[in-house]
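What follows is a single structure, written as structure tokens, with notes after it.
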2 protein chains.
Amino acid sequence: MSEAPECTAEHDQLLFDVFAQRCPSRSTLEHLTGRWGVLAMAALHDGTFRFNELRRRVHGVSEKMLAQTLQALERDGFVHREAQHTIPPKVEYSLTDRGKRTAALLLDLIRDVEAQMPEVIAANERYDAARNG
Amino acid sequence: MSEAPECTAEHDQLLFDVFAQRCPSRSTLEHLTGRWGVLAMAALHDGTFRFNELRRRVHGVSEKMLAQTLQALERDGFVHREAQHTIPPKVEYSLTDRGKRTAALLLDLIRDVEAQMPEVIAANERYDAARNG
DNA sequence: GGGTTGCACTTTCTAAAAGTTAGTGCATTC
DNA sequence: GAATGCACTAACTTTTAGAAAGTGCAACCC
């Protein structure tokens with residue numbers, strides 16, 4: 001059996017640990033690193049976009065998932081939502097200052113991954129060959 | 001209708017784009033940023049661990065998901081797996097050089113998220129209050 | 001002027017993924 | 001000699017993601 005997860009909120013000093021199962025930092029991390037979270041944050045790093053503009057940028061996302069993702073990111077204070085109650089409606093999404101800082105880290109990751117894709121593909125082939133050959 | 005996704009493999013110069021639906025970089029990114037991928041990478045950043053050691057570190061992961069996650073990361077060349085065919089078996093997991101570089105970026109993210117959790121929680125409360133109040 | 005398209009979503013339904021449980025075969029610990 | 005640990009896999013269930021359709025109105029097209 002493993003020890004109790006650490007994630008305390010004591011004497012005015014909060015300690016958060018993503019390795020602890022019930023730590024709220026884990027779900028926040030998931031909002032950011034989830035399949036669509038990363039891409040939405042990265043897309044918004046380029047500026048302000050309307051809902052359907054984002055949907056076109058993040059190729060393959062469904063309306064439902066984009067809405068859900070943006071709501072989670074807004075609730076966490078990474079994304080700012082500004083709606084004009086006109087007809088047709090106009091809703092603009094942008095990053096908050098906090099969101100911008102975090103999005104920069106996500107972009108570092110994305111660029112790193114894209115840059116090493118040739119090596120990843122080579123590794124994939126080696127791995128598969130070792131089992132099928 | 002949105003334009004065709006960009007992700008070309010032409011004239012010896014590969015261009016990868018996570019925003020393109022069918023680009024292989026997207027699934028690689030998902031392996032890293034998936035719920036357990038981030039945590040496995042971060043755990044392995046501290047050194048070499050056996051399967052069940054990792055399972056205890058990454059609190060809450062099931063055997064199935066840890067195995068699946070590690071296999072994907074191994075296939076992508078981020079993780080190295082070394083098995084001794086003894087009884088009982090001994091299997092050690094560690095990061096490759098490439099994995100170490102990428103894990104460092106993931107750790108930056110994790111630390112950033114953990115550090116801003118007080119603000120995230122405050123944002124959550126504001127968001128919820130605005131709807132329920 | 002009638003049909004299509006777009007806006008930002010939500011709701012319903014189905015398909016895929018994640019989680020849970022049990023089993024493997026042997027060795028060490030209690 | 002019973003229990004536990006090792007590193008998994010396989011079968012089953014639950015949760016989540018994705019696909020499709022609906023909303024109500026307005027601007028564009030021919």
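In the text below, chain A, chain B and the rest are named by the order of the sequence lines, each starting its count at 1.
- Mapping A/R35 and A/Y93 onto DNA chain C by nearest heavy atom places A/Y93 closer to the 5' end of the strand.
- For A/A40 against A/T69, the heavy-atom pair with the smallest separation is CB-CG2, 4.4 Å.
- For the OP1/OP2 pair of D/dC6 and a distance below 4.0 Å, the side-chain nitrogens and oxygens of B/R56 include at least one atom meeting the criterion.
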Could I get a table of every N or O pair under 3.5 Å where one atom is in the protein and the other is in nucleotides 25-27 of chain D?
none

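- Using modelled atom types, one side-chain atom of A/R26 and one backbone atom of A/F19 make a donor-acceptor pair closer than 3.5 Å.
- Contact annotation for B/Q84: no contact, since no heavy-atom pair falls under 4.0 Å across all strands.
- For A/W36 and C/dA17, the CH2 to P distance is 12 Å, given to the nearest whole Å.
- In summary, A/R98 and A/D76 do not engage in a salt bridge, as defined by a charged side-chain N under 4.0 Å from a carboxylate O.
- For the pair B/R50 and B/Y93, the cation does not sit on the ring face, since its NZ or CZ is not both under 6.0 Å from the ring centre and inside 45° of the axis.
- Within the structure, a side-chain polar atom (N or O) of B/R50 is placed less than 4.0 Å from OP1 or OP2 of D/dA7.
- Just one of A/D108, A/T102, A/V18 meets the side-chain contact (heavy atoms from CB on, under 4.5 Å) condition when paired with B/L109; it is A/T102.
- Here the P atom of nucleotide C/dT14 and the CE atom of A/M65 are 19 Å apart, to the nearest Å.
- Applying the 3.5 Å distance criterion, the base of C/dA18 shares a donor-acceptor pair with the side chain of B/K64.
- When the C1' atom of C/dA18 is taken as reference, atom CD of A/E30 falls 12 Å away, rounded to whole Å.
- Atom CG in B/L66 sits roughly 16 Å away from atom C1' in C/dT20 (whole-Å rounding).
- Separating the NZ atom of B/K90 from the P atom of C/dG25 is a distance of 24 Å, rounded to the nearest angstrom.
- Shown here for B/L73 and B/G37, the closest heavy-atom pair between the two residues is CD1-O, 4.3 Å.
- Rounded to a whole Å, the CG atom of A/N52 is 8 Å from the C1' atom of C/dG6.
- A close approach under 4.0 Å does not occur between any side-chain nitrogen or oxygen of B/R55 and OP1 or OP2 of D/dA7.
- Between A/F49 atom CZ and C/dC7 atom P the separation is 14 Å, expressed in whole Å.
- Taking the nucleotide of DNA chain D with the nearest heavy atom to each of A/P89 and A/Q68, the more 5' of the two is matched to A/Q68.
- No donor-acceptor distance shorter than 3.5 angstrom exists from the side chain of A/R101 to the backbone of A/D97, with no hydrogens or angles considered.
- As rounded to whole Å, 11 Å separates atom C1' of D/dC6 from atom CD of B/E53.
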